[in-house]
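Worksheet for the structure shown next.
Throughout, a chain's letter reflects where its sequence line sits, starting with A, and its residues are numbered from 1.
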There are 2 protein chains.
Amino acid sequence: MSTEPLATIDTELDEQITDLLRRSDQRFTKGRRALVEALLAGGQPMTIHQVLETDTRLAQSSAYRNLVVLEAAGVVTRIVTNDDFARYELAEHLTHHHHHLICSSCGDVTDFALDDQAEAGLDAALHKIAAATGFTVEAHRLDLVGVCSDCD
Amino acid sequence: MSTEPLATIDTELDEQITDLLRRSDQRFTKGRRALVEALLAGGQPMTIHQVLETDTRLAQSSAYRNLVVLEAAGVVTRIVTNDDFARYELAEHLTHHHHHLICSSCGDVTDFALDDQAEAGLDAALHKIAAATGFTVEAHRLDLVGVCSDCD
DNA sequence: GGCTAGACGGAAACGATTCTCATTCCGATT
DNA sequence: AATCGGAATGAGAATCGTTTCCGTCTAGCC
């Protein structure tokens, strides 16, 4: 497998991922590396189909399985929208905290970030809620649903 | 069908729904009324299975079909989480703007609202983003993912 | 009463995801 | 470098929530 990587995983990222996987007793194999490279090259949340198209050497069953492994290890995040396909992207702590623009017409997902002030305000409000409800917060998800400029 | 409604749809709500449906050339039939009653009685987002259990007179195929109709008409909203079941609840404009606490352990979804100030701040920030990206915003979705007090 | 378009319900079809299992790969050990 | 053990892989089959089909029934209308 693997001849021409679509995107290069630099040493630091490589070590982070290897480490994350090791914590779940998993190895950073070639197939998993190819998945991460595809996601890195994609630059935005991708469906399994998109990933498989990007790198035809990947077997569908392995892609599904390994994305589950990578998600469990905290390397990638699974995003569910309203269309029928799950999407994956690199986890936030390997990139940066962000949110999603979801196109209700074509299903495409792109990333965006709030400015620091808005994010801080949001965070404070959410902590209040969490405290009031006895809910242990792991993450917050903020999506904008609308129509992207392509579909408009 | 329909003998003992689980929850009563007051006149105002009834008219609103009838009107929404009429705009998509659909009628507010007994089966659809039963669905809305079940959702109303549930008081929180429900899976199809929960809806069907609530009212055993409902046929599965009709429930799925009618929920699609009701969603297209803007009467209900479909919520997709990370577990395997889609959930439905009454649309925001028939209730009030709110967000979701999603339990990553049991999949349960409950509603919460931000205080007005936080919501306004969020809204302002999102409008900025939308303007900058050429994205036409239809709605925003804010979910808190974590562990509910039952699962803790 | 009949007529017609739409709604209904049971069952079959669909499709994204998961499972199975035989095979291959990887790393450690002699 | 040969071997062994356990994990990873890939092709296809199985799963299961959801959707669609299709014959039947209803509601509304003349």
Please check if the number of heavy atoms outside B/Asp116 that lie under 6.0 Å from its CG is greater than 12.
no
Applying side-chain hydrogen bond (donor to acceptor under 3.5 Å, both in side chains), can you list everything that pairs with B/Asp152, at least two apart in sequence or on another chain?
A/Thr136
Partners of A/Asp14 by salt bridge (charged side-chain N to carboxylate O under 4.0 Å, His left out), sequence neighbours excluded?
A/Arg33
Go through the structure and list residues passing side-chain hydrogen bond (donor to acceptor under 3.5 Å, both in side chains) with B/Thr29, not counting sequence neighbours.
none
Applying side-chain hydrogen bond (donor to acceptor under 3.5 Å, both in side chains) to A/Asp83 and not counting sequence neighbours gives A/Thr81, A/Arg87
Relative to the 5' end of DNA chain D, which residue comes earlier, B/Tyr64 or A/Asp25, by the nucleotide with the nearest heavy atom?
A/Asp25
Give B/Gln60 one of three labels, base, sugar-phosphate or nothing, depending on what nucleic acid heavy atoms sit under 4.0 Å from its own.
base
Listed partners of A/Gln16 passing side-chain hydrogen bond (donor to acceptor under 3.5 Å, both in side chains), at least two apart:
none
Can you list, in residue-number order, the parts of residues 68-88 of chain A that come under 4.0 Å of DNA chain D, counting heavy atoms only?
none
Qualifying side-chain hydrogen bond (donor to acceptor under 3.5 Å, both in side chains) pairs, either residue in residues 65-77 of chain A, two or more places apart
A/Arg32-A/Asn66, A/Ser62-A/Arg65
Looking at every strand, decide which applies to A/Ser62 at a 4.0 Å heavy-atom threshold: base, sugar-phosphate, or nothing.
base
Hey, what are the protein-to-nucleotides 21-29 of chain D N/O distances that come in under 3.5 Å?
none

For B/Gln44, all residues meeting side chain to side chain contact (heavy atoms under 4.5 Å, CB included), sequence neighbours excluded:
B/Asp108, B/Thr110
With a cut-off of less than 4.0 Å, is there a side-chain N or O of A/Asn66 near OP1 or OP2 of D/dA8?
no
